[in-house]
Structures are given as C-alpha cells and as structure tokens.
Amino acid sequence: MKYTIAAFDFDGTIINRDSMWGFMKKTHHPFSIIINLILAFPFLLLYKLKLLSNGKAKQLLFSRFYRNWPVDKFNTICMSFQSFVRKSIRPEVYQYLRDHLNAGHKVIIVSASAENWIIPWAKEEGVDAVLATQLEVNTEGKLTGQFSSPNCYGKEKVKRILERYPERDCYKLIAYGDSKGDFEMLQMADESHYLNRK
C-alpha cells in the first residue's frame, strides 16, 4: 500500500510573502538594505533581462548581505525568525499542512529559500523534512556567501524530492505551490494544488 507525501513550497505558499526579504529586514537597517540593493543593481538588472539565472542572482544577492557572517550568529537569528513566519502564515494552507500531519502523511517543505530559517519553524510543527537551499560555511565557521547546494527552484525541487524519496512507485505525492518555480514539482505530483495568493 502506498504512503502519502505532501510537499509544500514555502514562500508564497505556506507564508504570504518572500522570506528572504523578511530576513534581510530583520538583520539589516533600512539604510543598509538600500545601499546593498544599489550595489547589487547590476546583477539584479541582468536577472530582469534574463541574462542571469534565478539561482545565480539570488546567490549574489545573498552574498552581498551575508558573506563573512559567523554561521552561529546567523542561525541564532534564524531561530527568532519563527515569529515572522507565524505572522505571515496563510491560514488555509496551514490547515492543509496540519490535516496532512494529522492523517499520518509525511509532510515536507521544498523551497528555494535557505533551509536555516525554515527548519526551526518546520521542526516545531512536526514537518518530516526540509529540502531547501543550503549555505556554504568555511573552516572558520563563517558564511562564504555561496550556496553549497543548487538553488532549490524549478527542476531542482523534483531532483531533491527524488533524492530523498527515490522509490517513486511506493508513495502518492501531493504538491502545493504558488509560482513558476513550483511548476515541475506540481507537474510530477499525483495530485497538485496551485495556490495563487490572490
């Protein structure tokens, strides 16, 4: 008998906004954010012109804000970031998540955001796994500004699910997403739910 996995995107699906921007607002003064965005403008423009991939643009932006940060300091802030997540929850989607957990289904979060600020909330909720973008840490315990895994977006979401749960014939996959970055995951699912924020 097949078991069930419910896979949820995070930004825009479980919460109603982009968590990376929310995290930046928590760690940086508004003036610092403006300065960093001005300095990041060249590669943000390349992204808008489709001359730079989503993953590369995101990594460069992350590096602009967090390169050389001690990972312990970063993770401490990630723990307190749960309050932002709770305030941003989409109630109807949260209920879907709770219903799956109460039914004994495996619930996973598959996100392009950094796993560091998703995991604390996910663990508290009893989520089985967080498959998200991983951050590189150097031997001195500092963030390099690079990702140690590919940006978990688009086809990478499918790859990460199948790496974690390779016996595809043994489970029913139910997927929830809200954007083009979830398209491949929704397409591979046995049952898919496109949850437009509007």
Side-chain angles (χ1 to χ4, degrees), residues 3-30 33 54-55 58 61-62 65-66 73-135 147 149 151-154 156-158 160-161 164-165 171-198:
Y3 62 96
T4 298
I5 297 175
F8 288 81
D9 169 55
F10 191 67
D11 294 18
T13 301
I14 291 177
I15 64 173
N16 59 17
R17 62 196 72 189
D18 187 287
S19 62
M20 185 171 176
W21 288 110
F23 193 79
M24 287 176 179
K25 290 177 183 177
K26 187 174 182 65
T27 58
H28 289 73
H29 187 277
I33 292 176
N54 175 284
K58 185 175 180 180
L61 186 63
F62 181 85
F65 280 83
Y66 298 109
K73 174 186 175 182
F74 186 86
N75 285 336
T76 296
I77 298 172
C78 288
M79 290 295 295
S80 66
F81 192 62
Q82 291 180 72
S83 60
F84 169 89
V85 175
R86 293 190 197 101
K87 290 176 184 176
S88 307
I89 288 286
R90 293 178 65 182
E92 72 282 9
V93 182
Y94 179 72
Q95 189 58 56
Y96 297 151
L97 185 147
R98 296 308 315 173
D99 288 346
H100 282 295
L101 287 170
N102 292 336
H105 300 162
K106 287 186 180 295
V107 173
I108 64 175
I109 294 173
V110 191
S111 173
S113 285
E115 64 179 14
N116 305 56
W117 62 67
I118 300 174
I119 287 174
W121 178 83
K123 279 187 174 179
E124 190 172 273
E125 292 295 330
V127 169
D128 290 272
V130 174
L131 310 180
T133 302
Q134 298 169 335
L135 308 178
F147 297 157
S149 72
N151 185 42
C152 193
Y153 178 93
E156 183 64 20
K157 292 195 173 193
V158 172
R160 294 287 294 278
I161 292 170
R164 185 65 178 259
Y165 305 100
Y171 58 87
K172 175 183 179 181
L173 180 65
I174 304 174
Y176 298 82
D178 79 303
S179 71
K180 64 181 182 180
D182 305 315
F183 177 76
E184 288 85 354
M185 178 175 75
L186 293 169
Q187 192 175 44
M188 79 169 286
D190 300 294
E191 180 183 322
S192 61
H193 300 271
Y194 181 76
L195 305 172
N196 191 300
R197 277 174 277 181
K198 296 180 182 179

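Reckoned from all heavy atoms, side chains included, excluding hydrogens, waters and symmetry mates.
For L186 against A175, the heavy-atom pair with the smallest separation is CD2-O, 3.6 Å.
Proximity of S149 to R160: side-chain heavy atoms (C-beta onward) are separated by under 4.5 Å at one or more points. In this structure the side chain of I174 reaches within 4.5 angstrom of the side chain of H100, judged on heavy atoms. Between R17 and F84 the shortest side-chain heavy-atom distance falls below 4.5 Å. With contacts defined as side-chain heavy-atom distances shorter than 4.5 Å, the pair Y94/R98 qualifies. For the pair C78 and K26, the minimum side-chain heavy-atom distance is 4.5 Å or more. The shortest distance between side-chain heavy atoms of F10 and I15 falls below 4.5 Å. By the 4.5 Å heavy-atom criterion applied to side chains, W121 and I14 are counted as neighbours.
Of the residues listed (F23, W21, F65), the one engaging H28 in a ring-ring contact (aromatic ring centres under 6.0 Å, His included) is F65, and it is the only one.
By the 30° and 60° cut-offs, the orientation of the rings of F74 relative to Y66 is perpendicular.
A donor-acceptor pair is defined here as one N or O able to donate and one able to accept, closer than 3.5 Å; such a pair exists between the side chain of T133 and the backbone of C152.
Applying the 6.0 Å contact sphere to OH of Y96 captures no more than 12 heavy atoms from other residues, nucleotides or ligands.
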task: Please step through salt bridge (charged side-chain N to carboxylate O under 4.0 Å, His left out) for the pair E184 and K157, ending with a clear verdict.
output: CA-CA 8 Å; E184 288 85 354; K157 292 195 173 193; over 6 Å; no
